[in-house]
Structures are given as structure tokens and as C-alpha cells.
Amino acid sequence: MRESPAPPTAPPPSTSAPSTPPSAGRTEAACAASGRFPLALIGPGALGLHFAARLEGVVPIALIARDEASAARLRAGVEVDGRRFRPQAFGPEQAPEADWVIVLVKAGDTAAAAATASRMRPLGVLSLQNGLTGELLRAHCTARQVEQGITTEGAYRERGDEGDRVHPSGAGETLVPPGFEAVAELFVRAGLRARVEPGIAHARLAKLLVNVAINPLAALFRVPNGALLDRPHRVLLDTLVREALPVLRAQGLDLDEAAALARVHAVARATAANRASMLQDVLAGRRTEIDAITGALLRMAADHAIELPTHRAVHTLVHALEP
Ligand SMILES: NC(=O)c1ccc[n+]([C@@H]2O[C@H](COP(=O)([O-])OP(=O)(O)OC[C@H]3O[C@@H](n4cnc5c(N)ncnc54)[C@H](OP(=O)(O)O)[C@@H]3O)[C@@H](O)[C@H]2O)c1
């Protein structure tokens with residue numbers, strides 16, 4: 001935690017890519033003055049602030065908000081996990097350069113975040129978003145390495161008259177692709193459970209399986225995750241798993257039907273009292289991440305000429321709930 005940081009401004013970026021991380025080992029003030037940080041995070045919402053508040057103890061970290069007004073509010077202080085956090089926050093236009101950039105905007109804001117990340121001239125960009133956003137990020141980002149990891153860390157944001165509060169909702173594990181060893185090491189030093197996962201593509205598909213089954217049904221029926229294990233929701237839950245499986249297996253997911261059902265049921269049981277993020281979005285009248293979750297599955301299915309009528313119906317119904 002630091003005291004009243006001055007509104008930061010980044011010097012103009014240089015024009016050639018750095019060969020070694022020039023900001024490693026610098027203090028926060030030195031990073032702000034030089035305009036290059038070892039680490040930056042785009043999307044300081046619930047999960048982004050949870051990660052950033054943990055990481056600031058081990059590395060200077062720049063937070064990039066949606067706009068300068070949001071960045072100014074963050075600089076004034078935000079409560080994260082019961083303590084005051086005053087981050088080095090910037091609007092997209094003032095974003096400094098950074099060695100590594102983590103993306104934690106909602107899926108619908110990925111293209112804008114990718115454009116910001118490109119301007120920061122990073123060695124690598126790591127998405128920890130839900131759904132499959134890697135392709136979209138790569139399409140809009142010029143960084144050398146652009147990859148998607150996965151995380152089961154959880155956090156939620158409470159809006160209040162005296163500002164936002166972010167609460168952790170469960171410690172999980174963060175898996176990052178090879179090439180992002182430096183980022184995994186920072187996570188571990190910050191006390192987060194994290195590791196490099198060589199089979200990250202498989203892990204992403206396994207997470208997508210869980211997301212395409214639980215998220216839309218929780219949103220449509222407006223129930224916590226555990227209720228999906230009971231009738232009448234259980235029939236649809238299992239139908240979504242069985243329907244998705246041939247597509248995900250064609251993409252490389254190595255799970256048979258019994259293992260796939262067991263995995264989804266285990267997550268619903270372990271998060272029984274939780275409201276899925278898609279349900280929270282629907283209840284708050286926000287756009288959901290259905291296109292990055294069920295939409296991604298439907299795009300894969302089209303590549304394999306497989307019909308997914310239940311997922312298509314769920315995709316249409318969730319869209320109908322959006323503002
Ligand atoms: N929360 C969890 O427990 C959890 C767990 C696992 C995975 N995830 C995934 O993590 C991602 C983030 O989730 P979240 O719950 O943290 O969402 P969130 O609270 O809505 O945070 C997203 C943040 O990104 C900001 N943002 C939007 N566009 C931006 C841009 N162009 N540049 C910079 N910042 C921008 C938003 O600003 P505004 O406030 O102005 O909109 C908001 O502060 C999602 O993909 C989610 O599925 C979340």
C-alpha cells in the first residue's frame with residue numbers, strides 16, 4: 001500500500017522492442033518515472049483488483065482502467081480484501097510500457113484491451129478471462145506472445161456510496177502457458193497458487209466444458225450452481241455436457257462421458273452456493289460472456305460440422321436476456 005500517488009503520465013514510447021526486460025528490479029516510482037513497468041493489468045474489476053492487490057507487494061504493477069476517470073477513482077483508493085489499495089492506475093491513453101500484460105476485462109471488451117496492450121510494447125500478453133478469447137486478443141494485438149491461461153481464483157465487487165469494495169470469493173489455482181514462467185513466478189511470490197501448464201490447451205477445453213454447462217443454465221434459471229444438480233435442471237445440465245463432448249474431444253479434450261459429467265458435477269457441488277458470473281451479469285442487466293463461452297463452442301462445432309441444438313437454443317435465450 002502506498003500514499004497519495006501523483007497522477008501518472010507515461011513518457012512517449014520508444015520505437016524498437018526491448019531485448020531484455022528493462023524494468024525488472026525497479027521500484028514503483030522508478031517505473032512510473034521511466035514509463036515502463038515489469039507488470040501491468042488491463043481490467044481492474046473484481047478479479048483484476050484481487051490479483052493486483054496481491055501482486056503489488058512483490059512487483060511494481062500498473063493498472064489500466066477503462067478510461068482516465070476510472071483510473072483517477074482507483075488512484076484515490078479502493079478497498080480490496082478489507083484493506084485500502086491505492087494502485088498506480090492509468091487510462092488507456094496514458095498506459096505505460098510493460099514487460100508483461102495481464103488481461104482481465106470481460107470478454108466483450110477484449111478487442112479494446114488488446115489495442116491498449118499493443119501500445120504497451122510487452123514481451124507477452126496473458127489473458128486470464130473466461131471463455132475462449134485468445135484468438136480475438138491475437139487478432140487485435142501485435143505483441144510477440146499472446147496466450148490464454150485459466151484461473152479458478154474468485155472475487156466479486158460490491159458497489160457502495162463510499163466506493164467499490166472487492167472481496168475474494170475463494171482461493172483457486174492459476175495455470176499459465178509455457179513462455180509465461182516469469183508471470184507464474186510473480187504470482188507464486190504474491191502467495192497465489194500458480195504454475196506453468198504445458199497442456200494448457202487441454203486445460204482450457206476442460207474449463208470451457210464446465211462453463212458451457214453451468215454458466216448459461218444458472219443464468220437462465222436464476223439459481224446458484226448447486227441447484228443445477230437437482231431436477232429439473234439436472235437433465236439439461238447433463239444434456240449440455242453430452243452434446244458438447246464430441247466437439248471438445250475433436251478439439252483434443254481427453255475425457256470420456258463419465259469423466260466429463262463427473263467433472264461438471266464436481267464443480268457444481270464445490271461452488272454450490274455461488275452465483276455464476278453469467279447469472280450475476282443477467283441480474284445486473286449487463287452484457288454476458290455467452291459469445292466467448294457457448295459461442296466459442298458453436299464456432300468449433302461448425303468447423304467439425306456437428307449440430308448442437310441445445311447449446312444453440314441456450315445461446316439464443318441468454319442473448320435474449322441481455323440489455
Ligand atoms: N470474478 C471472478 O471471480 C472471475 C473468476 C474467473 C474468471 N473471471 C473472468 O475474468 C474476467 C474479468 O471478470 P471480473 O469479474 O473481474 O469482471 P469485472 O468486475 O466486470 O471487471 C472488468 C473490468 O475491466 C474494465 N474494463 C472494461 N473495458 C476496459 C478497457 N478497454 N480497458 C481497461 N479496462 C476495461 C471494467 O471497467 P468498468 O467497471 O468501467 O466496466 C472493469 O473494471 C472475465 O472474463 C471473467 O469471466 C472472473
Side-chain angles (χ1 to χ4, degrees), residues 40-53 62-74 78 80-81 85 87 89-95 98 101-120 125-134 136-137 140-141 148-159 163-175 192 194 203-204 207-208 210-212 214-216 218-219 225 267 271 274-296 323:
L41 187 149
I42 303 177
L47 199 58
L49 284 169
H50 168 66
F51 270 101
L63 297 197
I64 316 305
R66 184 190 284 280
D67 50 35
E68 172 50 31
S70 308
R73 277 195 298 278
L74 288 172
V78 56
V80 183
D81 197 8
F85 176 38
F90 304 80
E93 300 308 322
Q94 292 78 33
V101 174
I102 299 168
V103 173
L104 269 172
V105 297
K106 284 282 177 77
D109 295 312
T110 301
T116 303
S118 298
R119 292 197 299 274
M120 299 171 77
V125 177
L126 174 69
S127 159
L128 292 175
Q129 299 161 282
N130 263 334
L132 295 190
T133 57
L136 187 57
L137 258 184
H140 291 86
C141 186
Q148 188 170 14
I150 60 172
T151 186
T152 52
E153 282 289 323
Y156 65 98
R157 192 164 37 161
E158 189 188 8
R159 308 258 186 201
D164 287 0
R165 288 186 179 147
V166 170
H167 306 280
S169 60
E173 189 177 26
T174 302
L175 306 184
L192 296 159
R204 273 195 302 260
K207 184 163 191 206
L208 187 67
V210 171
N211 274 329
V212 295
I214 292 180
N215 254 303
N225 294 350
V267 173
T271 60
N274 291 10
R275 282 179 172 178
S277 61
M278 205 173 283
L279 172 58
Q280 292 178 38
D281 288 339
V282 165
L283 293 176
R286 291 188 298 252
R287 195 166 43 148
T288 72
E289 295 186 298
I290 191 77
D291 280 332
I293 297 175
T294 304

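Atoms within a ligand are numbered from 1 in the order they appear, just like the ligands themselves.
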Just let me know how T152 lines up against ligand 1, side chain, backbone, both or neither, with a heavy-atom cut-off below 4.0 Å.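 Neither; no heavy atom under 4.0 Å.
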Per-residue contact class, E153 against ligand 1 - non-hydrogen pairs under 4.0 Å: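 E153 to ligand 1: backbone contact only, side chain stays beyond 4.0 Å.
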Nearest protein heavy atom with distance in Å, relative to [atom]:
atom	value
atom 13 (O) of ligand 1	K106 CE, 3.8 Å
atom 2 (C) of ligand 1	A155 O, 3.5 Å
atom 12 (C) of ligand 1	L104 O, 3.2 Å
atom 36 (C) of ligand 1	R66 NH2, 4.3 Å
atom 23 (C) of ligand 1	G45 N, 3.6 Å
atom 9 (C) of ligand 1	N130 N, 3.7 Å
atom 18 (P) of ligand 1	R157 NH2, 3.8 Å
atom 35 (C) of ligand 1	V105 CG1, 3.4 Å

With nothing but distance in play, are any N or O atoms of [X] less than 3.5 Å from an N or O of ligand 1?
X	value
G154	no
S70	no
Q129	no
E289	yes
A46	yes
P92	no

State the CD-CG distance between Q148 and L175, to the nearest 0.5 angstrom.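 It is 12.0 Å, given to the nearest 0.5 Å.
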Kindly compute the distance separating CG (N130) from CE (M278), expressed to the nearest 0.5 Å.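 Atom-to-atom, N130:CG and M278:CE are 8.5 Å apart.
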Relative to the heavy atoms of [X], which atoms of ligand 1 are at a distance of less than 4.0 Å?
X	result
G43	23 (C), 24 (O), 25 (C), 33 (C), 34 (N)
A112	31 (N)
I42	32 (N), 33 (C)
L47	4 (C), 5 (C), 6 (C), 7 (C), 8 (N), 10 (O), 16 (O), 48 (C)

Indicate the atoms forming the closest heavy-atom contact of A296 with A292, along with that distance.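 So the minimum-distance heavy-atom pair works out to CB-O, 3.4 Å.
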If we check side-chain contact (heavy atoms from CB on, under 4.5 Å) with F51, which of these qualifies: T174, I102, V80?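 When T174, I102, V80 are each tested with F51, the side-chain contact (heavy atoms from CB on, under 4.5 Å) holds only for T174.
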Sequence neighbours excluded and cut-off under 3.5 Å, please list the side-chain donor-acceptor pairs for residues 279-286, or say none.
{"from": "Q280", "atom 1": "NE2", "to": "R275", "atom 2": "O", "distance (Å)": "2.8"}
{"from": "D281", "atom 1": "OD1", "to": "K106", "atom 2": "NZ", "distance (Å)": "2.9"}
{"from": "D281", "atom 1": "OD1", "to": "R286", "atom 2": "NE", "distance (Å)": "3.0"}
{"from": "D281", "atom 1": "OD1", "to": "R286", "atom 2": "NH2", "distance (Å)": "2.9"}
{"from": "D281", "atom 1": "OD2", "to": "K106", "atom 2": "NZ", "distance (Å)": "3.4"}

Pair T116, V101 - check side-chain contact (heavy atoms from CB on, under 4.5 Å), show working. CA-CA 10 Å; T116 303; V101 174; over 6 Å; no
Main-chain N/O of G172 paired with E153 side-chain donor or acceptor, under 3.5 Å: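 Yes, E153 side chain to G172 backbone: donor-acceptor pair under 3.5 Å.
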Test side-chain hydrogen bond (donor to acceptor under 3.5 Å, both in side chains) applied to S127 and T133, step by step: CA-CA 8 Å; S127 159; T133 57; 3.3 Å; yes
Considering only heavy atoms from C-beta outward, does the side chain of M120 approach that of I42 to under 4.5 Å?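 The answer is yes; the side chains approach within 4.5 Å.
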Step-by-step side-chain contact (heavy atoms from CB on, under 4.5 Å) determination, T152 to V267: CA-CA 11 Å; T152 52; V267 173; over 6 Å; no
